[in-house]
Amino acid sequence: MSSSIVQSNSNSSNHHEDGNERLDSDHHSHDPTAHNYISLPSETFLQAAISLKDQVVEMTWKGKGRSASAVTDPTMYIGLLGTAFTCLRSYEATGDRKDLELCSDIVDACADLARTLTRHVTFLCGRGGVYALGAVAANYCGDQPKRDLYLNHFLEVAQERALPVGPEDGGFGMSYDLLYGRAGFLWAALFMRKYLGEEAVPDDYLMPVVEAILAGGRAGASDNPACPLMYRWHGTRYWGAAHGLSGILHVLLHFPLSQEDIEDVKETLRYMMSNRFPHSGNYPVSEGNPRDKLVQWSHGATGVTITMCKVSEVLSNDREFRDAAIEGGEVVWKSGFVKKVGLADGASGNAYAFLSLYRLTGESIYEERARAFASCLYHNARTIMNERHNNEADHTYSLFQGLGGVACFLFDLLAPNNSRFPGYEL
């Protein structure tokens with residue numbers, strides 16, 4: 001972005017509960033909801049995205065020695081793999097093969113450590129993401145042996161015995177959520193299938209996991225007849241994209257579901273819609289949580305809105321979900337330019353709700369709103385990034401809590417019809 005953006009320092013907070021205050025500004029061009037905001041030209045966004053990507057690479061990879069020994073976190077969410085994903089998105093936007101080579105080199109370094117990540121198998125927070133991105137990058141490079149190597153590593157992960165275990169078999173040990181659980185594994189498989197073809201990861205590996213997630217949701221909702229599916233993460237019934245219903249249902253909607261399964265998904269979404277906060281239209285963080293505070297991808301209207309867009313795509317005759325998506329977008333527009341920049345809990349993640357709505361409706365207002373958020377990010381980044389919070393890890397350059405996600409958003413803004421929220425949309 002501008003020099004003020006790429007030179008500023010950031011300290012992103014934990015994505016659960018804080019830092020969601022709206023960014024106030026005395027200058028209308030810095031307020032995306034002002035009618036006279038200044039929208040910047042696409043070339044400015046392109047150069048800003050490239051500049052951010054370069055700094056992310058410099059601070060997380062080149063400046064660290066470019067070796068496997070420098071990798072401390074090989075995952076996508078806040079680790080080095082997020083830099084590789086940012087390079088892939090840059091390659092897809094610009095065609096610069098240096099970015100593809102960077103992506104491949106970084107994935108290879110991450111893979112050395114990924115073998116030790118035995119606990120999680122997801123795209124964003126586990127070794128599933130390393131192998132999925134590795135196979136896709138190798139496929140782009142035309143490196144068939146490496147593609148097959150990473151694909152075989154992923155298929156080994158797919159044989160994790162806990163994945164297809166249902167509640168009747170005591171299958172509550174592995175979580176169901178997108179970040180750490182079974183939905184996150186399925187998303188990694190879907191990512192590979194998008195680029196390599198459906199035959200790369202056959203249904204035989206995946207549908208038993210889908211069935212286990214549905215069975216787990218029904219068991220988890222057995223005490224609430226109004227809601228057919230419910231899941232717990234560390235004992236809490238979250239509703240958002242990161243740990244809860246929105247993320248899990250979003251992934252399930254990519255698979256062939258029976259009519260009974262579809263009805264349970266629809267009724268669960270209707271239950272969520274009927275329990276929105278009446279004044280704001282926002283969604284609770286978790287079941288029964290009275291705090292109407294968070295508007296972000298992880299928790300609140302943003303993640304739910306993107307999921308509602310997916311539902312509207314799959315169930316195009318059900319107008320209620322399209323209406324809910326549009327209403328959620330209004331919540332994000334009014335309250336979503338927050339004092340963070342990341343995908344998980346910041347303004348760039350919130351802006352993806354507008355890109356999803358643009359693809360769903362074709363209405364230019366949503367592209368304009370995404371561009372308004374991008375313009376405000378461009379101008380206000382120093383203010384946002386200097387919002388320091390004590391005793392928090394510094395994830396300035398990460399994909400989900402830092403500048404990597406901002407770069408991906410700006411690349412996606414250049415071709416909104418092809419935009420996809422990293423690690424969430426396909």
Side-chain angles (χ1 to χ4, degrees), residues 1 6 41-68 70-71 74-76 79-114 123-124 128-154 188 190-197 200 343 348 397-400 402-423 425-426:
M1 287 190 168
V6 297
S42 295
E43 180 63 26
T44 300
F45 291 138
L46 173 60
Q47 293 307 316
I50 293 171
S51 177
L52 278 179
K53 179 267 301 178
D54 287 344
Q55 190 180 9
V56 168
V57 170
E58 180 63 36
M59 298 304 293
T60 62
W61 177 241
K62 291 182 178 178
K64 299 287 187 179
R66 310 188 200 193
S67 67
V71 182
T75 64
M76 188 81 66
L80 183 60
L81 195 67
T83 299
F85 187 95
T86 304
C87 290
L88 183 71
R89 186 57 56 90
S90 180
Y91 166 71
E92 290 177 327
T94 67
D96 188 342
R97 284 193 67 87
K98 290 180 181 177
D99 288 326
L100 179 58
E101 292 164 6
L102 269 172
C103 173
S104 184
D105 289 345
I106 294 170
V107 173
D108 289 347
C110 290
D112 289 339
L113 188 58
F123 186 80
L124 293 177
V130 179
Y131 300 146
L133 188 59
V136 168
N139 192 62
Y140 265 132
C141 291
D143 189 338
Q144 185 78 20
K146 186 182 284 189
R147 170 196 177 278
D148 292 345
L149 176 68
Y150 278 121
L151 176 57
N152 288 333
H153 283 323
F154 185 85
L190 289 167
F191 180 76
M192 294 184 75
R193 289 170 68 150
K194 173 184 176 179
Y195 287 93
L196 308 182
L343 295 177
S348 61
Y397 305 100
S398 71
L399 181 62
F400 265 72
L403 292 171
V406 181
C408 288
F409 163 55
L410 294 177
F411 282 127
D412 271 335
L413 193 61
L414 302 173
N417 280 320
N418 296 323
S419 64
R420 298 292 184 270
F421 192 111
E425 294 181 295
L426 287 159

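Numbers here are sequence positions counted from 1.
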Testing the basics here: between L124 and G423, what is the closest heavy-atom pair and its distance to 0.1 Å? CD2-CA, 4.0 Å
Are any side-chain N or O atoms of S51 and backbone N or O atoms of Q47, one a donor and one an acceptor, separated by less than 3.5 Å? no
Could you tell me if the side chain of L343 sits less than 4.5 Å from the side chain of S348, heavy atoms only? yes
Hydrogens and angles aside, do Y140 and E92 bring a side-chain donor and acceptor to less than 3.5 Å of each other? yes
How far apart are the C-alpha atoms of L410 and V406, what are their side-chain angles, what is the distance that settles it, and do they pass the side chain to side chain contact (heavy atoms under 4.5 Å, CB included) test? CA-CA 6 Å; L410 294 177; V406 181; 4.3 Å; yes
Is any side-chain heavy atom of K53 closer than 4.5 Å to a side-chain heavy atom of V56? no
Considering all heavy atoms, the nearest L414-P416 contact: C-CD, 3.7 Å
Could you give the distance from NZ (K62) to CG (D105), rounded to the nearest 0.5 Å? 10.5 Å
Measure across V130 and P74 and return the closest heavy-atom pair with its distance rounded to 0.1 Å. CG2-O, 3.4 Å
Are the side chains of T83 and Y397 in contact, using a 4.5 Å heavy-atom criterion? no
Single hit among L80, L133, L81, L88 for side chain to side chain contact (heavy atoms under 4.5 Å, CB included) with I106: L80
Under a 3.5 Å distance rule, please check whether N152 uses its side chain to pair with a backbone N or O of D148 as donor and acceptor. yes
Any chance the rings of Y150 and F154 have centres within less than 6.0 Å? no
Mind checking the CG-CZ spacing from L102 to R97? Nearest 0.5 Å is all I need. 12.5 Å
Between V57 and D99, is a side chain to side chain contact (heavy atoms under 4.5 Å, CB included) present by the stated rule, with each step listed? CA-CA 10 Å; V57 170; D99 288 326; over 6 Å; no
Assess the residue pair K146 and C141 against the criterion (side chain to side chain contact (heavy atoms under 4.5 Å, CB included)); give the C-alpha distance rounded to whole Å, side-chain angles, the decisive distance to 0.1 Å, and a yes or no. CA-CA 10 Å; K146 186 182 284 189; C141 291; over 6 Å; no
Tell me, do S90 and D96 make a side-chain contact under 4.5 Å, heavy atoms counted? no
Pairs flagged by salt bridge (Lys or Arg N to Asp or Glu O under 4.0 Å) wherever residues 406-417 is involved - sequence neighbours left out: R89-D412
Side chain to side chain, T86 and C408, heavy atoms closer than 4.5 Å: yes
Can you confirm whether P422 sits close enough to F85 that some side-chain heavy atom of one is under 4.5 Å from a side-chain heavy atom of the other? yes
Side chain to side chain contact (heavy atoms under 4.5 Å, CB included), that's the test. Do I50 and F411 meet it? Break it down for me. CA-CA 8 Å; I50 293 171; F411 282 127; 4.0 Å; yes
